[in-house]
S.K.: 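Quick one: structure below, then a few questions.
Lettering follows sequence order; numbering is per chain, from 1.
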Amino acid sequence: MNKTEIAAVLTEIGTLLELKGENPFKIRAYQAGARVVESLGEDELTQRIEAGTLEEVKGIGEALAQKITELHTTGRLEFFDKLAQSVPAGLIEILRIPGIGAKKARTLQEKLGIDTVAKLRAACAAGSVAALDGFGEKTQEKILEGIRNREAYDKRHLWLTAAEAAAPILAGLRKLPGVKQVESCGSLRRRMETVGDLDFLVAMTDPAPIVGWFVTQPAVKEITARGETKASVRLESGLQADLRLVPPEQFVFTLHHLTGSKDHNVQMRHRAQQRGLSMSEWGLVPAAGEGTAKEKAEHLGRKTDIRTEEQLFRKLGLAHIPPELREGLGEIEAAAEDALPPLVEEGDIRGVFHNHTTASDGHNTLEEMTAAAQALGLEYLGIADHSKSSVQARGLSEERLVAQIAEIGRLNATKKFKCHVFTGTECDILPDGKLDFDAGLLAQLDYTVVSVHSSFRQESAVMTKRIIRALEQPHVTMLGHLTGRLLLEREAYAVEVDKVIDAAIANGVVIELNANPSRLDLDWRHWRKAAEKGLLTSINPDAHGTDQLAYHKVGVGAARKGWLTKDHVLNTRPLAAMKKWLAARRG
DNA sequence: GCCGTTTTCGGCCCGACTGTTTTCAGTCG
């Protein structure tokens with residue numbers, strides 16, 4: 001089993017234990033274990049299992065190490081099989097209905113024999129759920145509503161979709177009287193590739209009008225909770241949006257808390273404890289003494305001199321950790337040693353490669369794309385239309401590509417645009433690893449992106465060999481969307497990413513960070529290690545229209561999550577340096 | 001089940017909101 005599959009089993013064990021009413025801390029240990037396994041490299045996991053050093057990893061003890069090893073080597077786990085048999089499969093689905101936790105799910109099963117969503121719906125319709133102790137009419141109605149909406153509500157949303165939904169709400173909140181500070185938190189602020197819900201935090205003096213404004217926004221479909229300092233709504237798109245209101249002196253603590261991630265927060269609280277402090281959304285207060293964290297924070301509130309996250313981190317002896325890095329993957333250790341990298345920024349991007357025009361499946365002409373790139377302040381634009389085998393995308397024949405090279409040459413010569421256009425292609429990697437164009441033609445281009453667009457279902461070893469073979473061909477500049485995933489739509493194809501990374505480094509090939517919001521491929525989780533090994537990336541919008549050229553900004557978010565600096569990103573180089581680099585690469 | 005510069009046992013975050021209660025349990029984040 002690979003690490004993703006193992007992590008899924010550990011997570012499911014956690015869920016099953018929850019349904020059995022097990023010790024909550026044991027459940028948390030399995031969930032934490034799953035996250036730790038997911039964060040390890042595939043190679044590292046294998047090596048540790050072989051060397052028996054799995055227990056050295058924080059969060060994995062004797063029991064988890066044994067179970068992970070069994071899963072990795074045999075692909076099965078007796079403990080899990082027995083556990084799964086003892087819990088009806090339908091209960092897990094019932095647990096996903098909002099308002100139903102482990103306790104309620106168990107009650108439903110024990111008292112009414114409910115172990116599927118269908119039975120639950122029938123019981124609600126018959127009114128027998130409302131008659132249970134601890135349940136009532138409203139709960140029953142909420143469950144029915146939850147069953148009706150679960151598809152839309154379960155869904156996560158692309159980062160850009162969430163960002164676009166959040167923008168008008170943020171802007172509106174900022175304009176309200178009495179509002180001092182506003183920020184969106186959670187995975188949106190951490191720039192995760194997908195977002196489950198929106199979290200808005202407001203520093204203010206009078207909550208009532210703000211809550212009133214929030215729940216009456218045009219995009220609001222349903223109000224799910226409305227209190228003094230909190231409100232939750234469901235937007236038309238299915239996105240949930242939460243609002244939190246705090247006094248100004250508490251803002252920074254709640255901002256950090258709601259930004260997360262959970263793992264990061266756990267580690268931060270631990271660090272605070274080591275310093276005799278207690279950290280929470282309420283404040284950073286002495287751990288000793290009577291009273292809750294909230295009471296102490298309220299008592300100290302006006303006296304605290306911490307107003308920014310920089311100050312909050314400094315109080316714990318840490319350099320400022322950008323939100324993108326707060327995943328509990330070593331950022332606190334690095335911040336303690338002042339070893340956090342200076343992350344690449346949107347403004348560092350000087351030009352973009354891998355863009356399409358109407359010559360293949362783009363929506364805008366060469367000139368329109370160039371004008372749009374210039375309007376974005378970019379110094380250069382790389383065209384990379386599809387090659388002949390991508391028939392569905394009107395891939396260019398050799399003749400049409402030669403004609404396009406000439407056309408781009410003429411456009412550059414007119415000096416009509418300050419933005420320079422580089423000639424290129426997105427050349428198909430054929431199923432056997434050969435390229436769709438021969439080396440003679442590729443040599444005439446400024447650069448070549450090679451990508452897989454067919455035979456997605458090849459075995460992992462075959463796919464890996466196929467891609468590596470392509471990287472070894474002359475005149476290959478970059479590898480496009482390494483795994484071919486489409487977020488929330490299509491899984492990555494089976495491929496050994498680490499081996500492809502090593503081959504790219506060996507052949508001096510760049511691996512793109514495809515910045516299309518549905519791709520963000522190669523995934524940010526790989527970049528830190530890959531960059532340390534010497535891999536270079538290019539943040540490519542893969543724009544199929546002028547409106548998509550700015551996708552590189554989304555890609556910068558993913559690059560930042562991957563700990564990348566300006567030096568790791570090829571297209572932060574100015575035009576002259578870029579020309580020189582490409583010329584040297586062509587040899 | 002994990003962890004330890006309070007180290008092998010006893011913690012492990014905790015408060016808001018809801019719906020059900022009649023003082024609180026369950027869920028959620």
S.K.: So, using side-chain hydrogen bond (donor to acceptor under 3.5 Å, both in side chains) as the criterion, who are the partners of Lys58(A) when residues are at least two apart?
M.R.: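 Scan of Lys58(A) (side-chain hydrogen bond (donor to acceptor under 3.5 Å, both in side chains), adjacent residues dropped) gives none.
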S.K.: Would you kindly give the CG-to-P distance between Asn23(A) and dG11(B), to the nearest whole Å?
M.R.: 13 Å
S.K.: May I ask you to say what Glu137(A) touches in the nucleic acid, namely base, sugar-phosphate or nothing, with a heavy-atom cut-off under 4.0 Å?
M.R.: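 Here Glu137(A) touches the backbone only, sparing every base.
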S.K.: For a 4.5 angstrom cut-off between non-hydrogen side-chain atoms, does Leu258(A) reach Asp242(A)?
M.R.: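 No. Closest side-chain heavy atoms not under 4.5 Å.
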S.K.: Contact class for Val36(A) (heavy atom, under 4.0 Å): base, sugar-phosphate, or nothing?
M.R.: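 No contact at all - Val36(A) keeps every heavy atom at 4.0 Å or more from the nucleic acid.
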S.K.: Quick one: Glu228(A) CD to dT18(B) P, roughly how many Å, whole number?
M.R.: 11 Å
S.K.: Please tell me if Arg28(A) has a side-chain N or O lying less than 4.0 Å from either OP1 or OP2 of dC13(B).
M.R.: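 Yes, such a contact exists.
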S.K.: Suppose you measure atom C1' in dC17(B) against the same atom in dT8(B); what distance do you get, rounded to whole Å?
M.R.: 40 Å
S.K.: Ile114(A) and Leu91(A): which non-hydrogen atoms are nearest, and at how many Å?
M.R.: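 Where Ile114(A) meets Leu91(A) most closely, the heavy atoms are O-CD2, 3.7 Å.
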S.K.: Which is more 5' along DNA chain B, the nucleotide nearest Gln140(A) or the one nearest Ala63(A)? Just name the residue.
M.R.: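 Nearest nucleotide further toward 5': that of Ala63(A).
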S.K.: Pick the nucleotide of DNA chain B nearest each of Gly134(A) and Leu64(A); which residue has the one closer to the 5' end?
M.R.: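 Going by which nucleotide is closer to the 5' end, it is Leu64(A).
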S.K.: Report, one line per pair, each donor and acceptor closer than 3.5 Å where one atom sits in a side chain of residues 59-67 of chain A; sequence neighbours left out.
M.R.:
from: Gln66(A); atom 1: NE2; to: Glu70(A); atom 2: OE1; distance (Å): 3.0
from: Lys67(A); atom 1: NZ; to: Tyr30(A); atom 2: OH; distance (Å): 3.3

S.K.: Using the C1' atom as the point on both nucleotides, what is the distance between dT27(B) and dT21(B), in whole Å?
M.R.: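 Here dT21(B) and dT27(B) have their C1' atoms 16 Å from each other.
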S.K.: What is the distance, to the nearest angstrom, from the CD atom on Gln267(A) to the P atom on dC13(B)?
M.R.: 13 Å
S.K.: Applying a 4.0 Å non-hydrogen cut-off, can you work out what Asp133(A) is touching in the nucleic acid: base, sugar-phosphate, or nothing?
M.R.: nothing
S.K.: To the nearest Å, how far apart are Arg269(A) CZ and dC2(B) P?
M.R.: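 Spelled out: CZ on Arg269(A) to P on dC2(B) is 20 Å.
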S.K.: Looking at residues at least two apart in the chain, or sitting in another chain, which of them share a ring-ring contact (aromatic ring centres under 6.0 Å, His included) with His526(A)?
M.R.: none
S.K.: List in chain and number order the residues that pass side chain to side chain contact (heavy atoms under 4.5 Å, CB included) with Glu5(A), two or more places apart in sequence or in another chain; answer none if no residue qualifies.
M.R.: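 Result, side chain to side chain contact (heavy atoms under 4.5 Å, CB included) vs Glu5(A): Met1(A), Asn2(A).
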S.K.: Between Val252(A) and Arg307(A), is any pair of side-chain heavy atoms under 4.5 Å apart?
M.R.: no
S.K.: With P as the reference atom in both, quote the distance from dC13(B) to dG4(B) in angstrom, rounded to an integer.
M.R.: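 Pairwise P distance, dC13(B) against dG4(B), rounds to 14 Å.
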S.K.: Just wondering, do Ile501(A) and Leu522(A) contact through their side chains at under 4.5 Å, heavy atoms?
M.R.: yes
S.K.: With the side chain of Ala225(A) defined as its heavy atoms from C-beta on, choose the nearest nucleotide among dC17(B), dG1(B), dC12(B).
M.R.: dC17(B)
S.K.: Using Watson-Crick or G-U wobble geometry with both distances under 3.5 Å, which nucleotide pairs with dG11(B)?
M.R.: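 dG11(B) is paired with dC2(B).
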S.K.: Under the side chain to side chain contact (heavy atoms under 4.5 Å, CB included) rule, collect the residues that match up with Glu327(A), sequence neighbours excluded.
M.R.: Arg190(A), Met192(A), Ser261(A), Leu329(A), Trp524(A), Lys561(A)
S.K.: Would you mind reading off the distance between Glu145(A) atom CD and dG19(B) atom P, rounded to a whole angstrom?
M.R.: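 Computing the Glu145(A):CD to dG19(B):P distance gives 13 Å.
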S.K.: Using a 4.0 Å cut-off on protein heavy atoms (strictly under), produce a 5'-to-3' string for nucleotides 22-29 of chain B with B for base contact, S for backbone-only sugar-phosphate contact, and - for none.
M.R.: ----SSSS
S.K.: Say you pick atom C1' in dG29(B) and the same atom in dT22(B); how far apart are they, in whole Å?
M.R.: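 That atom pair is separated by 28 Å.
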S.K.: Using atom CG of Leu277(A) as one end and atom C1' of dC13(B) as the other, report the distance to the nearest whole Å.
M.R.: 15 Å
S.K.: Whole angstrom is fine here: how far is it from CD1 in Ile60(A) over to P in dG4(B)?
M.R.: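 Interatomic distance, CD1 of Ile60(A) to P of dG4(B): 14 Å.
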S.K.: Taking the P atom of each, how far is dC28(B) from dT23(B), in whole Å?
M.R.: 25 Å
S.K.: Quantified in whole Å, what is the C1' atom distance between nucleotide dT6(B) and nucleotide dC12(B)?
M.R.: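 15 Å, rounded to whole Å.
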S.K.: Can a side chain N or O of Thr229(A) be found less than 4.0 Å away from OP1 or OP2 on dC17(B)?
M.R.: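 Result: yes.
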S.K.: Look at all strands and tell whether Lys58(A) reaches a base, only sugar-phosphate, or nothing, counting heavy atoms closer than 4.0 Å.
M.R.: sugar-phosphate
S.K.: Can you tell me how far P in dA25(B) sits from the matching atom in dT20(B), rounded to whole Å?
M.R.: 16 Å
S.K.: Please report the distance, rounded to the nearest Å, between CZ in Arg275(A) and P in dT6(B).
M.R.: 11 Å
